[in-house]
2 protein chains.
Amino acid sequence: MREFILLSRKGYTTPDFKDLRSAGRLDIVCACINSSIFLSHKIRKNVILNVILNGPSNPPLCICVNSAKVYEIRSDEKSIGEILRNVIAGRVHAGFEKSKKSFQELLREKEGRAIYILDEKGIDIRRMEIERDPIFILGDQIGLPKKEEKFAMRSAISKVSVGPLRYFASHCITIINNELDRRGLDG
Amino acid sequence: MREFILLSRKGYTTPDFKDLRSAGRLDIVCACINSSIFLSHKIRKNVILNVILNGPSNPPLCICVNSAKVYEIRSDEKSIGEILRNVIAGRVHAGFEKSKKSFQELLREKEGRAIYILDEKGIDIRRMEIERDPIFILGDQIGLPKKEEKFAMRSAISKVSVGPLRYFASHCITIINNELDRRGLDG
């Protein structure tokens, strides 16, 4: 499985929010779920997206989306947002799991895996060898906090860049998925 | 400028709709606006997205989004959807223009430009020379109608593929933008 970890500093950990955007940019989380798991007319079978929500009122919350187990999902933000609200509230949705893991706890679980940190100053992904079952770490609209980046760098193979400009986290995921598809990695 | 043309067979041409998805998949149009014009923390200055809406009740409608002129826009689907509804209703939004052009009328306007049609069986974009000011034509969730594809092929340079799998139109745009960014084309 290819895996992504998105750290959302402000994403709400309560289901009591008016809209996704004002809930600490949960719209970004929805966009990342969309770009992680969807192909045209089907769902990928090879992606895990872990989202760490560190916003109010009960951080941290870790939501793990396993694309091989997801069903009953539509690709639009509104539909994904409703699922997200339900999962945060503790209701069951196939393929979604909620836990109280922090970013560092999650990373400790992944010890021994090939970890890459997204960074515009990293090595170009096209010129990089990517090991099997890779994990890519992405920050939100603010980027990774220094402390968490430092912690992640201890176990990371390298920083990796997807292009010459700074992209949305969801766009980075699309580009990485495409690169791995091209290599036939975990396809 | 790099340019995209999205043909939405069912996208509503009336602002009277309950939600984006049930309005002939206007959520797809919003996702394509997002992937066309946004970089992290800024708006691209080099992209035009033309959307042809052929759904009820007043087709065709052509909405042209010029990223160099767009402001007051947020990247989430809900915010973009509100702008889309306003533009369909005839209200002004910076960077958005509405007309009654059909797909074929729009293409006739682009005569002489380098036109590429997205197709999974096309030539891999990475192995392809791309001329300046390229235009990429994308279908919606159903694909391009045969008639329109045939018409477009008369002026197209080639069919182009972005990878070994079938992707959402919005994901194709992200991948194409990234490829052009890497080449420094219309950057």
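Order of the sequence lines fixes the chain letters, A, B, ..., with proteins taken first and strands second; residue numbering starts at 1 for each chain. Below, each value reflects all heavy atoms present in this structure, side chains not excepted, and no hydrogens, waters or symmetry copies. Being a predicted model, the structure only gives us computed values, none of them experimental.
No more than 12 heavy atoms of other residues, nucleotides or ligands lie within 6.0 Å of NZ in A:Lys69, so this atom counts as exposed by the packing criterion. The local environment of NZ in A:Lys10 is sparse, with at most 12 non-hydrogen atoms from other residues, nucleotides or ligands closer than 6.0 Å.
Looking at heavy atoms from C-beta onward, A:His171 lies in side-chain contact with B:Asn34 at the 4.5 angstrom threshold. Counting only heavy atoms from C-beta outward, the side chains of A:Glu77 and B:Asp76 approach each other to under 4.5 Å. The shortest distance between side-chain heavy atoms of B:Arg74 and A:Arg21 falls below 4.5 Å. Counting heavy atoms from C-beta outward, A:Asp181 and B:Tyr167 have side chains that approach closer than 4.5 Å.
If you measure heavy-atom distances from A:Ser75 to chain B, the contacts under 4.5 Å come from both the backbone and the side chain.
Neither A:Phe151 nor A:Leu138 shares a network with the other; the hydrophobic side chains, linked directly or stepwise wherever heavy atoms of I, L, V, M, F, W or Y lie under 4.5 Å apart, form separate groups for each.
For the set A:Pro164, A:Gly81, A:Gly163, A:Ala169, the entry with the most heavy-atom pairs within less than 4.5 Å of chain B is A:Pro164. Heavy-atom pairs under 4.5 Å with chain B peak, among A:His41, A:Arg25, A:Arg126, at A:Arg126. The candidate from A:Asn177, A:Leu20, A:Val162 with the greatest count of non-hydrogen atom pairs under 4.5 Å with chain B is A:Val162.
Under a 4.0 Å N-O distance rule, the pair A:Asp124/B:Arg182 qualifies as a salt bridge.
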